[in-house]
Amino acid sequence: MANRAAFLETEKGEFTVRDTEIGQPGDGEILIKVHAAAIQPADAKVAKMAVMKMEYPTTLGSPVAGTVEAIGTRTTGKVSIGDRVVCGTKIFVHKKAKYGGLQRYCVVDESEIVEIGTTPFPLAVTLASYTPPGALFGSSTLNLHRPSLPPSPLPPSEQGKKILIWGGSSAMGALSISYAKAAGYTVISTCSAHNIPLLQSLGADHVLDHSAADTVQRVRGLLPIAYWFDTVSLKPSISSILNILAPEGGEVIKAHVLLLLPLVMAGVKEEEFPEGVTAGMLRFSTHAEENREWNRWLLAKGGFLERGIKSGAIRGVPPTVVGGLERVGEGIEMVHKGVSGTKVVVEPWA
Ligand SMILES: NC(=O)c1ccc[n+]([C@@H]2O[C@H](COP(=O)([O-])OP(=O)(O)OC[C@H]3O[C@@H](n4cnc5c(N)ncnc54)[C@H](OP(=O)(O)O)[C@@H]3O)[C@@H](O)[C@H]2O)c1
């Protein structure tokens with residue numbers, strides 16, 4: 001039994017596919033035989049722009065879906081050998097190559113692993129991001145009412161409330177729509193015209209073309225909006241939201257806009273915001289003490305993510321499977337150039 005991985009050999013270098021040792025799972029860790037691994041924008045930013053310091057050679061990719069191959073020490077019995085699972089990877093935390101997803105065997109944290117039943121592996125990796133449920137339901141983030149399965153009605157104080165999810169065809173936006181709808185909120189979202197049917201299929205109530213001239217005005221027609229989430233977080237999306245909140249010569253609507261990138265990356269300055277409008281990047285750790293209860297709700301055995309994936313209640317963008325490890329470089333290029341309404345996925349055994 002040997003491992004095989006797509007290594008990024010040097011900073012901003014090329015990917016090389018070669019045999020390597022299988023990582024051993026340590027305390028609280030699980031070894032997964034990886035059947036599908038996603039490439040996320042952060043992987044492309046690290047590979048192409050070196051936005052984060054890494055130890056080279058490194059591997060990238062998250063989440064991974066596959067079967068449990070080995071169980072480390074000090075684990076809790078959450079999963080057994082052979083279980084079909086999905087999990088976010090820890091390559092950006094631990095920096096060691098055994099933690100990246102773009103290889104045949106990957107070491108993950110038991111605490112974040114989730115069983116997927118019969119869900120196809122490439123589909124599972126499109127569903128397992130902890131960012132949307134962290135952004136929506138963390139007590140220090142937007143703090144929306146959490147969904148349950150079977151669904152239950154919103155409490156009276158939340159009933160009828162609307163959320164704007166700008167960029168609903170992004171991987172994060174699509175999952176956010178799905179979670180917000182599962183909780184019972186009214187969702188307003190934006191995307192390109194060709195992705196409107198995708199967002200409608202996820203249950204979004206109002207779907208608008210983000211490049212149409214009347215979109216800002218149409219969103220204003222849907223006010224009041226209780227929650228504001230920009231899953232794109234670049235200059236055009238932030239500008240559009242500011243135009244909704246602070247129309248020229250009109251009254252400013254007080255709001256906080258949750259972003260997924262720092263304002264500086266969008267080239268927007270805080271001083272450009274009118275009084276009463278704030279924006280800030282999501283800061284969320286699945287393991288922070290304040291998120292203990294959130295963690296149990298989402299990631300426990302039989303928790304919301306497991307049941308949401310198995311039942312089909314949680315949906316996102318469809319996967320685009322590019323092929324095996326030899327296609328990692330191509331997949332990184334695709335994500336770097338920008339994808340539309342899909343997640344790029346690699347199958348390490350193909
Ligand atoms: N802070 C965190 O913890 C965290 C976690 C995850 C991701 N992120 C960041 O969040 C961002 C989104 O990640 P992702 O994986 O969801 O990205 P993605 O799926 O690669 O995003 C691509 C989508 O962005 C949409 N888009 C681009 N410009 C738009 C605009 N002006 N208005 C509306 N939609 C627009 C496109 O929509 P159309 O093709 O329909 O136009 C496309 O579907 C990335 O920058 C990522 O690095 C941050």
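What's counted below: heavy atoms across the whole structure, side chains too, no hydrogens, waters or symmetry copies. In listed order, ligands and their atoms are each counted from 1.
When non-hydrogen atoms are compared, ligand 1 lies under 4.0 Å from the side chain of Asn195 (C-beta onward) but not from its backbone.
Close approach of ligand 1 to Gly167 is summarised as follows: ligand atoms under 4.0 Å from at least one heavy atom of the residue are 33 (C), 34 (N). Listed by number with element, the atoms of ligand 1 under 4.0 angstrom from any heavy atom of Trp166 are 30 (C), 32 (N), 33 (C). Which parts of ligand 1 touch Val339 is read off a 4.0 Å heavy-atom cut-off, strictly below it: atoms 20 (O), 22 (C), 23 (C), 42 (C), 43 (O). Taking every non-hydrogen atom of Lys45 and a distance limit under 4.0 Å, the qualifying atoms of ligand 1 come out as 44 (C), 45 (O), 46 (C), 47 (O). Contact atoms of ligand 1 toward Thr231: 10 (O), 11 (C), 12 (C) (distance under 4.0 Å to a heavy atom of the residue). Per-residue contacts place Met172 under 4.0 angstrom from the following atoms of ligand 1 (heavy atoms of the residue considered): 6 (C), 7 (C), 13 (O), 14 (P), 16 (O). Counting atoms of ligand 1 from 1 in the listed order, those under 4.0 Å from a heavy atom of Met281 are 1 (N). Within ligand 1, the atoms closer than 4.0 Å to a non-hydrogen atom of Gly341 are 43 (O), numbered from 1 in the order shown.
Listed by chain and residue number, Thr16, Arg18 satisfy the side-chain hydrogen bond (donor to acceptor under 3.5 Å, both in side chains) test with Glu9 (two or more places apart in sequence, or in another chain).
Here the side chain of Tyr130 pairs no donor or acceptor atom with the backbone of Thr286 at under 3.5 angstrom. With hydrogens and angles ignored, the 3.5 Å screen pairs a side-chain donor or acceptor of Lys78 with a backbone N or O of Ile113. Looking only at distances, no side-chain donor or acceptor of Ser170 sits under 3.5 Å from a matching main-chain atom of Val232. Formation of a donor-acceptor pair under 3.5 Å by the Arg315 side chain with backbone atoms of Ser201 is found in this model. With hydrogens and angles disregarded, a donor-acceptor distance shorter than 3.5 Å links the side chain of Thr215 to the backbone of Asp209.
In this structure, the protein non-hydrogen atom closest to atom 4 (C) of ligand 1 is Leu260 O, 4.0 Å. Shortest contact from atom 35 (C) of ligand 1 to any protein heavy atom: Val232 CG2, 3.4 Å. What sits closest to atom 17 (O) of ligand 1 on the protein, heavy atoms only, is Pro41 CG, 3.6 Å. With respect to atom 37 (O) of ligand 1, the closest heavy atom belonging to the protein is Ser169 OG, 2.8 Å. Nearest protein neighbour of atom 24 (O) of ligand 1, counting heavy atoms only, is Ser170 CB, 3.9 Å. At the top of the distance list for atom 39 (O) of ligand 1, counting protein heavy atoms only, stands Ser340 OG, 2.5 Å. If you check which protein heavy atom lies closest to atom 41 (O) of ligand 1, you get Ser192 OG, 2.5 Å. Among all non-hydrogen protein atoms, the one lying nearest atom 5 (C) of ligand 1 is Thr131 OG1, 3.3 Å.
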Test side-chain hydrogen bond (donor to acceptor under 3.5 Å, both in side chains) applied to His194 and Ser340, step by step: CA-CA 9 Å; His194 67 273; Ser340 176; 2.8 Å; yes

Walk me through whether Lys90 and Glu112 qualify under salt bridge (Lys or Arg N to Asp or Glu O under 4.0 Å). CA-CA 10 Å; Lys90 286 282 189 227; Glu112 297 191 358; 3.0 Å; yes

Could you walk me through whether Lys45 and Met52 pass the side chain to side chain contact (heavy atoms under 4.5 Å, CB included) check? CA-CA 8 Å; Lys45 287 171 195 166; Met52 200 182 295; over 6 Å; no

Lys301 vs Glu306, salt bridge (Lys or Arg N to Asp or Glu O under 4.0 Å): CA-CA, chis, key distance, verdict: CA-CA 7 Å; Lys301 193 171 177 67; Glu306 179 183 328; 5.5 Å; no

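Not close to ligand 1: Gln40, with no non-hydrogen atom less than 4.0 angstrom away. Using a 4.0 angstrom heavy-atom cutoff, Met265 does not count as in contact with ligand 1.
A salt bridge does not link Lys53 to Glu11: none of the charged side-chain nitrogens sits closer than 4.0 Å to a carboxylate oxygen.
Of the polar atoms of Pro236, none of the N or O atoms is found under 3.5 Å from an N or O of ligand 1, judged by distance alone. Between Ala171 and ligand 1, at least one pair of N/O atoms sits closer than 3.5 Å.
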Below 3.5 Å, can you tabulate the donor-acceptor pairs from side chains in residues 250-276 to any protein atom, sequence neighbours excluded?
{"unit_1": "His256", "atom_1": "ND1", "unit_2": "Thr278", "atom_2": "OG1", "d": "2.6"}
{"unit_1": "Glu272", "atom_1": "OE2", "unit_2": "Lys269", "atom_2": "N", "d": "3.1"}

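The six-membered or imidazole ring of Trp349 lies near that of Tyr105, with a centre-to-centre distance under 6.0 Å.
For atom 9 (C) of ligand 1, the nearest non-hydrogen atom from the set Ile241, Leu261, Thr215, Ile165 belongs to Leu261. In the candidate list His336, His194, His210, His210 is nearest to atom 31 (N) of ligand 1, counting heavy atoms.
Ring geometry for Tyr185 against Tyr227 counts as perpendicular: the plane angle is over 60°, on a 0 to 90° scale with 30° as the lower cut.
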